[in-house]
Amino acid sequence: MTVIPVKMKKTVLVSGGVGFIGSHVTVELIEAGYDVVVADNFSNCDRTCYEGVKKITGREDIPLVEMDFCDLAAVRKIFADYPIDAVIHFAAFKAVGESVAKPLMYYRNNLTSFLNVLEAAQEKGGVNVLFSSSATVYGEPDAVPVTENTPRKPATSPYGNTKTMCEDILRDTVKASGGALKGILLRYFNPIGAHPSALIGELPRGVPNNLVPYITQTAVGKRECLSIFGNDYPTEDGTCLRDYIDIVDLAKAHVFAVTRMVEGKMKQDCEVFNIGTGRPVSVLELVNAFEKVNGVKVPHKFAPRRAGDVTAIWADPTLANEEMGWKATRSVEETLAAAWAWEKHLAGK
Ligand code: UFG
């Protein structure tokens, strides 16, 4: 699958562009011919990922603006300073457990930053907005795989709630704009892995909440033992099922979505796409695959279920495949090898 290069030079603002997903998206946008403006407040990322993006793309001139999207004046300024055709909004807090403990912090940050982006985009006019949503909006689905028409369910955390709320805010704002704003919501399943160059990847602060960074840190010896949360779920091996999607595949989906917007190919003013593989993988299968492909042991034990986890969720990605022409291509093994190469790079091995 090749990404079709954009016909006219267009500028994309990537908020949270130094983070895990943002940095990979920046690389893919640049490789597809877009001008990218990266903005970040470095609250949960490291400048080394910006350096990695420059190295991968061979571009020294990628603008980086250090700013907080909760500051409306700063958001207005970046929209005034650059000829922005589209904005991809990643800048948000994302730790589920922390959001339960600090809901106001999550609502204030995740809602304010997005409201500011929309305010500035609306004032400028003609801006396309891509919001990074999540499969979390489906809650515990009644049937799998989930399509975009699967009803959303109440979120199980304030973090999840901010995703649902931002989806609604974008939809309403696009509707009220009378065509001046267009929007796409991408609902990600479980993004994992790292760029094959091992120059950018996930940089969790403290103890990782997500499975793959916990696996790689255990394999490298930073953590003693992986706890597998629950082995009594009603699945074949008793562990939860997820749709793990390679971060580069996921990043490419953004290029397809932005191109669809800037080239006027949208069928509705606000569209939604599931970004997943359509392939369910259990926690145990993922751990076993990691050990096998990388030839390394991951000490693990079974532990009680984690509050708020859904038993099984994976995507029906047909709409994104057929309508956007995007498809996930990487195998779980390739992705887990890339995740391991990144962890070894971090460890200096
Ligand atoms: N898991 C473990 N041990 C760990 C970490 C995770 O067994 O140390 C299990 C979880 O119980 C779950 C699976 O691995 O079954 C995946 O867990 P992750 O935390 O990696 O991912 P989630 O599916 O829980 O999280 C994803 C997104 C979140 C989103 C959430 C909502 O990463 O952004 O879905 O369900 F909010």
Side-chain angles (χ1 to χ4, degrees), residues 16 19-22 44 90-100 103 106 110 131-141 144-146 150 152-167 186-193 202 204 206-219 222-247 250 274-277 279-290 298-315 332 335-336 339:
F20 175 41
I21 304 180
N44 190 25
F90 293 113
F93 295 150
K94 61 170 188 178
V96 176
E98 185 184 49
S99 80
V100 175
Y106 270 67
N110 292 7
F131 179 66
S132 63
S133 191
S134 163
T136 194
V137 301
Y138 296 116
E140 177 98 51
V144 275
V146 292
T150 297
R152 296 185 315 183
K153 292 229 178 131
T156 54
S157 70
Y159 157 79
N161 237 341
T162 65
K163 292 293 178 195
T164 308
M165 292 162 97
C166 286
E167 283 198 352
L186 296 185
R187 291 179 180 154
Y188 314 145
F189 284 69
N190 288 57
I192 62 164
E202 205 166 354
V207 182
N209 297 304
N210 296 114
L211 180 59
V212 169
Y214 209 106
I215 290 177
T216 57
Q217 290 195 6
T218 307
K222 251 175 116 172
R223 311 271 156 216
E224 243 169 54
C225 184
L226 167 75
S227 292
I228 294 181
F229 300 134
N231 64 341
D232 57 351
Y233 284 100
T235 60
E236 210 160 293
D237 63 20
T239 66
C240 294
L241 296 172
R242 293 287 184 278
D243 185 335
Y244 296 96
I245 172 156
D246 186 279
I247 186 67
L250 180 95
N274 283 340
I275 303 301
T277 66
R279 168 190 69 198
V281 175
S282 79
V283 177
L284 209 47
E285 280 172 333
L286 200 78
V287 173
N288 291 338
F290 183 90
V298 180
H300 56 275
K301 61 176 188 219
F302 292 114
R305 290 181 178 197
R306 183 173 71 175
D309 273 344
V310 304
T311 303
I313 183 160
W314 67 93
V332 171
T335 305
L336 292 175

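Counting convention: from 1, in listed order, for ligands and their atoms alike. Computed from heavy atoms alone, side chains included, the values below leave out hydrogens, waters and symmetry copies.
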Among non-hydrogen protein atoms, atom 23 (O) of ligand 1 lies closest to Arg242 NE, 2.6 Å
Any N/O of Ser134 closer than 3.5 Å to an N/O of ligand 1?
-> no
What do we get for Lys94 next to ligand 1 when only non-hydrogen atoms under 4.0 Å count, side chain, backbone, both or neither?
-> neither
Do Asp237 and Asn231 come within less than 4.5 Å of each other through their side chains, counting heavy atoms only?
-> no
Are any non-hydrogen side-chain atoms of Pro208 and Gln217 less than 4.5 angstrom apart?
-> yes
Which one holds for Val283 and ligand 1: side chain close, backbone close, both close, or neither close, with close meaning a heavy atom under 4.0 Å?
-> side chain
Who gets closest to atom 22 (P) of ligand 1 by heavy atom: Thr156, Ile228, Asn190, Val96?
-> Asn190
Answer with side chain, backbone, both or neither: which part of Leu211 has a heavy atom less than 4.0 angstrom from an atom of ligand 1?
-> both
Working to the nearest 0.5 Å, report the span between CG of Asp243 and OG1 of Thr277.
-> 3.5 Å
For atom 31 (C) of ligand 1, the protein heavy atom that lies nearest, with its residue and separation | Thr136 OG1, 3.3 Å
May I ask you to identify, for Ser227, whether its side chain, its backbone, both or neither come under 4.0 Å of ligand 1 on a heavy-atom basis?
-> backbone
For atom 11 (O) of ligand 1, the protein heavy atom that lies nearest, with its residue and separation | Asp309 OD2, 2.6 Å
Atom 32 (O) of ligand 1 has as its nearest protein heavy atom Asn210 ND2, 3.3 Å
Do any heavy atoms of Val310 fall under 4.0 Å from ligand 1?
-> no
Looking only at heavy atoms, the pair that brings Phe20 and Pro191 closest together is CE2-O, 3.9 Å
In sequence, state the C-alpha distance, the side-chain angles, and the governing distance for Tyr159 and Glu98, and then conclude on side-chain hydrogen bond (donor to acceptor under 3.5 Å, both in side chains).
-> CA-CA 9 Å; Tyr159 157 79; Glu98 185 184 49; over 6 Å; no
With a cut-off of 4.0 Å, which atoms of ligand 1 are near a heavy atom of Cys240?
-> 15 (O)
Got the closest protein heavy atom to atom 24 (O) of ligand 1, with its distance?
-> Arg306 NH2, 2.9 Å
Is there at least one pair of N or O atoms, one from Tyr214 and one from ligand 1, spaced under 3.5 Å apart?
-> no
Taking atom CD of Glu140 as the centre, does the number of heavy atoms from other residues, nucleotides or ligands within less than 6.0 Å exceed 12?
-> yes
Out of Phe229, Tyr188, Tyr244, Tyr159, who gets a non-hydrogen atom closest to atom 29 (C) of ligand 1?
-> Tyr159
Just wondering, are more than 12 heavy atoms of other shown residues or ligands nearer than 6.0 Å to NZ in Lys222?
-> no
Would you mind reporting whether Lys94 and Asn209 have side-chain heavy atoms less than 4.5 Å apart?
-> no
Looking only at non-hydrogen atoms, find the nearest pair between Asn110 and Thr162 and report the distance.
-> ND2-OG1, 3.3 Å
For residues Thr311 and Pro234, determine if any side-chain heavy atom of one lies less than 4.5 Å from a side-chain heavy atom of the other.
-> yes
Hey, which atoms in ligand 1 end up nearer than 4.0 Å to a heavy atom of Asn209?
-> 5 (C), 19 (O)
